[in-house]
Amino acid sequence: MSAVRSPWAWIPSLYLLQALPYVTVMTLSVVMYKNLGLSNIDIALYTSWLYLPWVIKPLWSPLVELLGTKRRWIVGLQFLIGAALAGVALTLPLHSFFQMSLAVLWLMAFASASHDIAADGFYLLALKTHEQAAFVGVRSAFYRLANIAGQGGLVYLAGWLTERNGNAQSAWATVMLLLAGLFVVVALVHLWALPQPATDRPAPRQQGFWGESMRVFADFFRKPAILVIVGFLLLYRFPEAQLLKLATPFLLDPVAEGGLGLTTQQVGIAYGTVGLSALTLGGLLGGWVISRFGLKRALWPLILAMHVPNVVFLAMAWSQPSNLWIVSSALAVEQFGYGLGFTAYLMVMILVADGPHKTAHYALCTGFMALGMMVPGMWSGWLQDQWGYLWFFAWVLLATLPSFAMTALLSIPEGFGKKA
């Protein structure tokens, strides 16, 4: 088996499979539980708790760093996630489906978070720095294509199956089984497709396993300006953390309750297909901009592109448009801007993780990112219930200020991410 492969042979499929379980846990579950009759408060609270494995994954990231190769972790965990998806499908027809499906989603979230550690570490090891910058848009694009397949195609399919047989639980069980089969097939492909970089090996230990693990953590918190870095990681997505949990319920809720009254299939088209296609294009353009001009020059334009378009949700909550094309266009504007801005966040994490323990330190960065998504998401359903959609989306715009403040304090080396 060749040790060197083109990044195009494995980056697209790797990040499709990195995204799909996350999309299932954090987004498809929201639509699924909404279709099955749960309230916005319960959906926002309980699905936000599912972020926890991504928050605490740095606690076991040294295991991936110090035991085995990233390649083996990736393939093994993809098989495990496939089994978990099949488990979700089996729980949905049961009377206590909510509690049991949440438990399986929780277990799948732990497997997915571990897969993220290995996949992101593998990306850093298999590519040179300028390749990482050039392909950050590609990985983001295929990550978002998985979102399109999930929030678009699979949501549409679930809606179509529900209309056809009148049973939402059966429809969503079918969707989960299809995802399970996909994971098994692509995991088999990755046995061949993933390269074998010489640097993909267990990190050397200077002391015992636990002592080495503590040293890895300590090295992260010795980085210069670490408090600013942590603040940036926690607050950059502060507005999105709250908007994300209520975006789909807003599109689905009746007009009389402040929503737009779309069907599940229409949400699949507008938000899951048109919106996320625009987000994918934004991610590709953001990666090109950074590789062309460097992160330092691109940072402020990209963060403005990410947060300012949130105003479209406020506009839709005020006008409540019924035309699907108007809704789709508004979502495309917001998602395109978000795709641009998120590439900057990814490159900041790559910058922070640089060093001898890239895998574990990148996992720490993503753990702080997940914490920044989990906590605000937990109270978002309650805020929307108290204020209504209009004032909730107004608050989301105000919530961009902490993100701007932390970005202003961040120091980026000249030329970082720019292709030489």
Review point. Less than 4.5 Å apart, any side-chain heavy atom of Pro239 and any of Leu397?
Key: no

Point to revise | Pairs satisfying salt bridge (charged side-chain N to carboxylate O under 4.0 Å, His left out), at least one member in residues 293-317, at least two apart | key: Lys296-Glu414

Review point. Counting only N and O atoms by type, is there a donor-acceptor contact under 3.5 Å from the side chain of Thr273 to the main-chain atoms of Ala270?
Key: no

Solution key, residues 171-179 side-chain donor-acceptor pairs under 3.5 Å, sequence neighbours excluded:
| unit_1 | atom_1 | unit_2 | atom_2 | d |
| --- | --- | --- | --- | --- |
| Trp172 | NE1 | Asn35 | OD1 | 3.2 |
| Thr174 | OG1 | Ser170 | O | 3.0 |

Check your understanding: Could you give the distance from CG (Leu364) to NZ (Lys223), rounded to the nearest 0.5 Å?
Key -> 9.5 Å

Check your understanding: Is the shortest heavy-atom distance from the side chain of Met316 to the side chain of Val327 under 4.5 Å?
Key -> yes

Check your understanding: Is any side-chain heavy atom of Leu20 less than 4.5 Å from a side-chain heavy atom of Phe183?
Key -> yes

**Study point:** side-chain hydrogen bond (donor to acceptor under 3.5 Å, both in side chains) against Thr366, all qualifying residues, sequence neighbours excluded
**Key:** Lys57

**Study point:** Interatomic distance, Leu260 atom CG to Asp253 atom CG [nearest 0.5 angstrom]
**Key:** 9.5 Å

Review point. Is there side-chain contact between Val267 and Val31, with heavy atoms separated by less than 4.5 Å?
Key: no

Practice item. Please identify each residue that fulfils side-chain contact (heavy atoms from CB on, under 4.5 Å) with Val289, with sequence neighbours left out. Key: Leu285, Phe293, Ala298

Practice item. Could you name each residue pair satisfying side-chain hydrogen bond (donor to acceptor under 3.5 Å, both in side chains) that touches residues 309-319, not counting sequence neighbours? Key: none

Exercise for review: Please collect all salt bridge (charged side-chain N to carboxylate O under 4.0 Å, His left out) contacts where either partner lies in residues 369-385, sequence neighbours excluded, each pair once.
Suggested key: none

Point to revise | Heavy-atom check, side chain of Val25 versus side chain of Trp54, under 4.5 Å | key: yes

Practice item. Determine yes or no for a side-chain-to-main-chain donor-acceptor pair under 3.5 angstrom, with Tyr51 supplying the side chain and Gly377 the backbone. Key: no

Check your understanding: With ring centroids as reference points, do Phe250 and Phe393 lie under 6.0 angstrom apart?
Key -> yes

Check your understanding: Can you tell me how far CH2 of Trp192 sits from CG of Leu188, rounded to the nearest 0.5 angstrom?
Key -> 13.5 Å

Revision key, fill the gap. To the nearest 0.5 Å, atom CG of Asn40 lies from atom CG of Leu246 at 6.0 Å

Check your understanding: In Å and rounded to the nearest 0.5 Å, what is the SG to CZ distance from Cys365 to Phe232?
Key -> 10.5 Å

Check your understanding: Yes or no on side chain to side chain contact (heavy atoms under 4.5 Å, CB included) for Val352 and His361, after CA distance, side-chain angles and deciding distance?
Key -> CA-CA 8 Å; Val352 174; His361 288 181; over 6 Å; no

Exercise for review: Enter the distance from Leu302:CG to Ile290:CD1 here, rounded to the nearest 0.5 Å.
Suggested key: 5.5 Å

**Study point:** Note, Leu331 side chain near Val312 side chain (heavy atom, < 4.5 Å)
**Key:** no

Review point. Under 3.5 Å, is there a donor-acceptor pair between the side chain of Ser112 and the main chain of Met108?
Key: no

Practice item. Evaluate side chain to side chain contact (heavy atoms under 4.5 Å, CB included) for Lys34 paired with Leu252, printing each intermediate quantity in order. Key: CA-CA 8 Å; Lys34 187 70 178 177; Leu252 289 170; 3.8 Å; yes

Exercise for review: Go through the steps for Leu52 and Trp106 under the test side chain to side chain contact (heavy atoms under 4.5 Å, CB included), then give the verdict.
Suggested key: CA-CA 9 Å; Leu52 186 61; Trp106 182 275; 3.4 Å; yes

Exercise for review: Hey, could you give me each pair passing side-chain hydrogen bond (donor to acceptor under 3.5 Å, both in side chains) that has a residue in residues 234-248? Not counting sequence neighbours.
Suggested key: Thr47-Lys245, Arg237-Glu240, Arg237-Tyr338, Glu240-Tyr338, Gln242-Trp379, Gln242-Trp395

**Study point:** Phe416 side chain reached by Leu351 side chain, heavy atoms, under 4.5 Å
**Key:** yes

Study note, to complete from the structure: When Leu50, Leu105, Leu244 are each screened for side chain to side chain contact (heavy atoms under 4.5 Å, CB included) with Met26, the one that passes is Leu50

Exercise for review: Taking all heavy atoms of Arg71 and all of Leu191, pick out the closest pair and write down the distance.
Suggested key: NH2-O, 2.7 Å

Exercise for review: Could you note down all residue pairs passing salt bridge (charged side-chain N to carboxylate O under 4.0 Å, His left out) where residues 7-22 supplies at least one of them, sequence neighbours left out?
Suggested key: none

Identify all side-chain donor-acceptor contacts of residues 74-83 below 3.5 Å with residues at least two apart in sequence or on another chain.
| unit_1 | atom_1 | unit_2 | atom_2 | d |
| --- | --- | --- | --- | --- |
| Gln78 | OE1 | His190 | ND1 | 3.0 |
| Gln78 | NE2 | His115 | NE2 | 3.0 |
| Gln78 | NE2 | His190 | ND1 | 3.1 |

Exercise for review: Would you check if the distance from the ring center of Trp73 to the ring center of Phe122 is below 6.0 Å?
Suggested key: no

**Study point:** Under 3.5 Å: donor-acceptor pair, side chain of Thr27, backbone of Thr24
**Key:** no

Check your understanding: Does Leu304 have any side-chain contact (heavy atoms from CB on, under 4.5 Å) partners at least two apart in sequence or in another chain, and if so, which?
Key -> Val308, Phe404

Point to revise | Given Val348, Leu299, Ile412, Leu235, the one that forms side chain to side chain contact (heavy atoms under 4.5 Å, CB included) with Thr407 | key: Leu299

Review point. Got Gln18 and Phe142 here, is their nearest side-chain heavy-atom distance under 4.5 Å?
Key: no

Point to revise | Any side-chain donor near an acceptor of the partner, Ser29 and Tyr46, under 3.5 Å | key: no

Check your understanding: Is the backbone of Asp42 close enough, under 3.5 Å, to the side chain of Ser39 for a donor and an acceptor to pair up by distance?
Key -> yes

Practice item. Determine which pairs satisfy salt bridge (charged side-chain N to carboxylate O under 4.0 Å, His left out) with at least one residue from residues 275-293, sequence neighbours left out, and list them in order. Key: none

Exercise for review: Consider only side-chain N and O atoms of Tyr22 and Asp116, and report whether a donor and an acceptor are under 3.5 Å apart.
Suggested key: no

Practice item. Identify, with sequence neighbours excluded, every residue that meets side-chain contact (heavy atoms from CB on, under 4.5 Å) alongside Leu409. Key: Val228, Met406

Check your understanding: Would you say Gln169's side chain and Leu36's backbone share a donor-acceptor pair under 3.5 angstrom?
Key -> no

Exercise for review: In sequence, state the C-alpha distance, the side-chain angles, and the governing distance for Lys70 and Asp120, and then conclude on salt bridge (Lys or Arg N to Asp or Glu O under 4.0 Å).
Suggested key: CA-CA 9 Å; Lys70 314 298 182 297; Asp120 291 334; over 6 Å; no

**Study point:** Pair Ile269-Gln266, side chain to side chain contact (heavy atoms under 4.5 Å, CB included): steps then yes or no
**Key:** CA-CA 5 Å; Ile269 294 170; Gln266 287 175 322; 5.5 Å; no

